[in-house]
*Asks:* 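One structure follows; several queries about it will come next.
A quick note: this is a predicted structure, and the numbers were derived from the prediction, not measured.
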Amino acid sequence: MGAWGLGNFENDDALDWVYELEGSEDLSAVLDAFKAINHGEPAPDMSSAYNDATECSRALAAAEVIAALRGHPHPDLPTEVAAWVGAHGHLALNETVLAEAHAAISAVLKRSELQELWEETEEYEDWREVVADLRRRL
């Protein structure tokens with residue numbers, strides 16, 4: 001899984017996504033991360049969308065950016081993300097962006113590879129609490 005902790009930036013996929021964020025002057029990287037997960041392709045034997053772990057990790061990182069832009073950053077927000085938020089705090093957040101963030105979190109928790117990978121560990125409930133904390137901060 002390429003993860004070394006429970007946090008939404010404690011995995012390779014989220015940190016790789018940060019490079020995309022740093023190159024963006026608007027919310028395009030955030031919205032692309034939400035679009036990838038909120039419009040996932042149905043898995044062959046499932047009726048609902050199934051998203052891979054990479055898409056999920058990127059979407060959770062994007063949701064962390066929205067929480068930070070709303071003034072509720074995680075205390076362990078990576079320095080690069082905090083700097084981007086500080087430079088882009090003027091960006092307007094509307095209800096659509098917030099709805100996309102909430103939908104992405106729901107998609108991760110409902111049926112995703114990331115959820116299944118965490119479910120196989122002893123830290124599953126702790127991971128769910130990290131995601132629930134993000135949802136509250138949005």
Side-chain angles (χ1 to χ4, degrees):
M1 171 165 43
W4 53 88
L6 297 170
N8 290 316
F9 286 101
E10 293 181 330
N11 63 79
D12 293 330
D13 295 321
L15 290 183
D16 288 346
W17 177 81
V18 169
Y19 290 113
E20 288 180 40
L21 177 70
E22 288 179 301
S24 176
E25 289 301 319
D26 56 20
L27 291 174
S28 59
V30 171
L31 296 174
D32 287 349
F34 293 155
K35 182 179 179 184
I37 193 171
N38 291 339
H39 306 288
E41 294 298 318
D45 60 343
M46 297 177 211
S47 60
S48 62
Y50 183 83
N51 295 288
D52 72 21
T54 297
E55 292 171 339
C56 293
S57 295
R58 294 166 60 97
L60 292 175
E64 287 285 2
V65 169
I66 297 300
L69 284 169
R70 296 196 69 210
H72 307 288
H74 190 278
D76 294 331
L77 198 65
T79 304
E80 301 87 351
V81 177
W84 189 92
V85 167
H88 297 86
H90 63 279
L91 295 174
L93 299 176
N94 58 38
E95 290 302 316
T96 301
V97 173
L98 293 174
E100 287 284 327
H102 282 282
I105 292 171
S106 294
V108 170
L109 293 174
K110 183 178 179 186
R111 191 169 206 54
S112 72
E113 181 184 25
L114 186 62
Q115 182 267 335
E116 289 176 358
L117 289 169
W118 279 108
E119 193 172 39
E120 295 171 359
T121 73
E122 293 179 6
E123 297 175 309
Y124 178 62
E125 292 303 322
D126 294 333
W127 174 77
R128 285 187 62 89
E129 181 52 39
V130 167
V131 177
D133 172 65
L134 169 58
R135 185 178 295 216
R136 285 188 296 272
R137 288 184 289 110
L138 282 173

*Asks:* When you measure from the side chain of Glu113 to the backbone of Ala53, do you find a donor-acceptor pair of N or O atoms at a distance under 3.5 Å?
*Replies:* yes
*Asks:* For the backbone of Trp118 and the side chain of Thr121, can you confirm whether one donor and one acceptor N or O come within less than 3.5 Å of each other?
*Replies:*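 Here the side-chain-to-backbone pair exists.
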*Asks:* Quick check for you: to the nearest 0.5 Å, what is the distance between Arg128 atom CZ and Glu123 atom CD?
*Replies:* 15.0 Å
*Asks:* If every non-hydrogen atom of Ala14 is compared with every non-hydrogen atom of Ala61, which pair is closest and at what distance?
*Replies:*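 Looking at all heavy atoms of both residues, the closest pair is CB-CB, 3.9 Å.
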*Asks:* For Ala59 and Phe34, work out which heavy atoms get closest and say how close.
*Replies:*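 What the structure gives for the nearest pair is O-CE2, 3.5 Å.
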*Asks:* Hey, does the side chain of Asn51 reach the backbone of Ile37 with a donor-acceptor pair shorter than 3.5 angstrom?
*Replies:* yes
*Asks:* Which pair of heavy atoms, one from Ser57 and one from Asp13, lies closest together, and at what distance?
*Replies:*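 Minimum heavy-atom contact is CB-CB, 3.8 Å.
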*Asks:* Can you check whether Trp127 reaches Gln115 side chain to side chain, under 4.5 Å on heavy atoms?
*Replies:* yes
*Asks:* Please determine whether side-chain contact (heavy atoms from CB on, under 4.5 Å) holds for the pair Leu114 and Leu60, giving the CA-CA distance in whole Å, both sets of side-chain angles, and the decisive distance to 0.1 Å.
*Replies:* CA-CA 11 Å; Leu114 186 62; Leu60 292 175; 3.9 Å; yes
*Asks:* Any salt bridge linking Arg136 with Glu129? Criterion: basic side-chain nitrogen under 4.0 Å from a carboxylate oxygen.
*Replies:* yes
*Asks:* Rounded to the nearest 0.5 Å, how far apart are CG of Leu31 and CD1 of Ile66?
*Replies:*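 Those atoms lie 7.0 Å apart.
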*Asks:* Looking only at non-hydrogen atoms, find the nearest pair between Ala63 and Ile105 and report the distance.
*Replies:* CB-CD1, 4.3 Å
*Asks:* Quick one: pull up CG in Asp133 and CD in Glu64 and give me the separation to the nearest 0.5 Å.
*Replies:* 7.5 Å
*Asks:* Which pairs pass side chain to side chain donor-acceptor pair (under 3.5 Å) with one or both residues in residues 90-104, sequence neighbours excluded?
*Replies:* Asn38-Glu100
*Asks:* Taking the side chain as every heavy atom from C-beta outward, state whether Val18 and Trp84 have any pair of such atoms under 4.5 Å apart.
*Replies:* no
*Asks:* Please give me the minimum heavy-atom distance between His74 and Arg137, naming the atom from each residue.
*Replies:*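 Looks like N-NH1, 3.2 Å.
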*Asks:* Which pair of heavy atoms, one from Leu77 and one from Pro73, lies closest together, and at what distance?
*Replies:* CD2-CB, 4.0 Å
*Asks:* Can you run down the side chain to side chain donor-acceptor pair (under 3.5 Å) pairs that involve residues 17-30, sequence neighbours left out, and say none if there aren't any?
*Replies:*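 Matches after skipping sequence neighbours: Glu20-Arg58, Ser24-Asp26, Ser24-Ser28, Glu25-His88, Asp26-Ser28.
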*Asks:* Nearest 0.5 Å please: distance from the CG atom of Leu93 over to the CG atom of Leu27.
*Replies:* 6.0 Å
*Asks:* Kindly compute the distance separating CG (Asn8) from CG (Leu15), expressed to the nearest 0.5 Å.
*Replies:* 11.0 Å
